[in-house]
2 protein chains.
Amino acid sequence: MASDHLSLTLAALADPTRRAMLARLAQGEATVTELAAPFALSLPTVSKHLKVLQHAGLVTQGRKAQWRPCRLAAAPLREVAAWMEDYRQFWDESFDRLDDYLHDLQSQGKEQPQ
Amino acid sequence: MASDHLSLTLAALADPTRRAMLARLAQGEATVTELAAPFALSLPTVSKHLKVLQHAGLVTQGRKAQWRPCRLAAAPLREVAAWMEDYRQFWDESFDRLDDYLHDLQSQGKEQPQ
DNA sequence: CTCTTATTATGCTATTGAGCTAAATAGCGA
DNA sequence: TCGCTATTTAGCTCAATAGCATAATAAGAG
């Protein structure tokens with residue numbers, strides 16, 4: 001069943017249609033119909049995709065008359081980033097001591113070096 | 001079908017069993033049997049999970065007598081990181097100009113031989 | 001060659017996910 | 001109220017995935 005939230009998020013992101021919907025929402029709110037427009041998919045199908053995204057917390061839906069404007073809620077991506085961080089050394093070529101240093105700098109309240 | 005590689009990778013990562021297998025491999029090579037040990041799963045099932053990870057390019061398998069030692073191959077995570085980068089501003093609170101500066105610094109040089 | 005161990009292939013079942021159409025709900029506007 | 005638009009629910013099909021047990025393959029040990 002894989003119902004931990006990270007799994008939910010990754011599963012939601014694993015579908016290209018859903019990623020495209022997120023890309024659209026990154027540019028601002030959109031109604032379900034607007035979101036559906038670029039796809040050759042029925043509205044119920046789009047609605048279902050939306051539900052998956054909402055369930056993962058990646059989208060929130062408001063209410064404006066009969067429209068349900070959707071908004072990106074990217075917080076779950078933090079979870080993904082946190083998970084990936086453990087593997088950083090395996091994929092980030094520039095992961096080295098300076099990298100650590102920069103990350104320390106970063107987290108300790110940024111003043112500009114140099 | 002969703003057969004672009006990013007989708008493949010995310011789908012592979014969406015399963016907690018597979019993520020646990022990657023976590024194990026992050027500590028070093030392991031045979032299929034070793035990988036299977038922590039799980040209450042049959043070997044064929046584990047073998048299938050491995051195939052998914054291999055298909056996504058997240059694991060490579062060698063050959064040593066009758067063992068097939070598996071190794072982590074985290075390169076596909078770069079793809080995930082690249083995708084997430086477009087959404088950084090939406091989830092990374094410390095996303096600001098300094099952050100950019102630090103990333104520039106990061107990418108402009110320094111390799112460290114092992 | 002035979003035995004044993006490690007792994008994968010096959011064939012099966014059950015569950016989930018993506019897609020559809022048609023019907024139901026929600027809210028505006030006349 | 002009636003009708004129009006937006007969206008979701010219900011019910012279906014099909015394909016994919018996770019799981020199992022059993023059988024086949026691969027390779028070392030005797």
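Chain identifiers are assigned alphabetically (A, B, ...) following the order of the sequence lines, protein sequences preceding nucleic acid strands; residue numbering begins at 1 within each chain.
- Using a 4.0 Å heavy-atom criterion, one finds that B/T17 contacts no nucleic acid atom at all.
- Rounded to an integer number of Å, the gap from CG of B/L43 to P of D/dT22 is 14 Å.
- Rounded to whole Å, the distance from CG on B/L53 to C1' on C/dT8 is 16 Å.
- Look at CD on B/E34: it is 16 Å from P on C/dT5, rounded to the nearest Å.
- In this structure, the CG atom of A/L41 is 15 Å from the P atom of D/dT8, given to the nearest Å.
- Distances were taken from every side-chain heavy atom of A/T31 (C-beta onward) to each of D/dT7, C/dA18, D/dA18; the shortest belongs to D/dT7.
- We find that CD of A/E29 is positioned 16 Å from P of D/dA6, with the value rounded to whole Å.
- For A/Q61, the listed nucleotide lying nearest its side chain is D/dT8; candidates were D/dG19, D/dT8, C/dA18.
- Under the 4.5 Å side-chain criterion, counting only non-hydrogen atoms from C-beta, B/R71 is not in contact with B/V59.
- Between the CG atom of B/L8 and the C1' atom of D/dA16 there is a distance of 13 Å, given to the nearest Å.
- Looking at A/K48, its side chain comes within 3.5 Å of the base of C/dG19 through a donor and an acceptor atom.
- The pair A/D4-B/R19 counts as a salt bridge, with a side-chain nitrogen and a carboxylate oxygen less than 4.0 angstrom apart.
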Short N/O separations, protein against nucleotides 24-29 of chain C, under 3.5 angstrom:
{"residue": "C/dA26", "atom": "O3'", "partner": "A/R63", "partner atom": "NH2", "Å": "3.2"}

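- Nearest to the side-chain atoms of A/H49 among the listed nucleotides C/dA18, D/dA21, D/dT8 stands C/dA18.
- For the pair B/L50 CG and C/dA6 P, the computed distance is 16 Å after rounding to whole Å.
- No option in B/K51, B/Q54, B/R68 other than B/Q54 meets the side-chain hydrogen bond (donor to acceptor under 3.5 Å, both in side chains) test with B/Q61.
- If A/V52 and B/Q54 are placed on DNA chain C by their nearest nucleotide, the residue sitting closer to the 5' end is B/Q54.
- You'll find that the side chain of A/S42 is closest to C/dT21, out of D/dA21, C/dT21, C/dA18.
- Look at CG on B/D15: it is 12 Å from P on C/dG17, rounded to the nearest Å.
- B/A40 comes within 4.0 angstrom of the backbone, heavy atoms only, and of no base.
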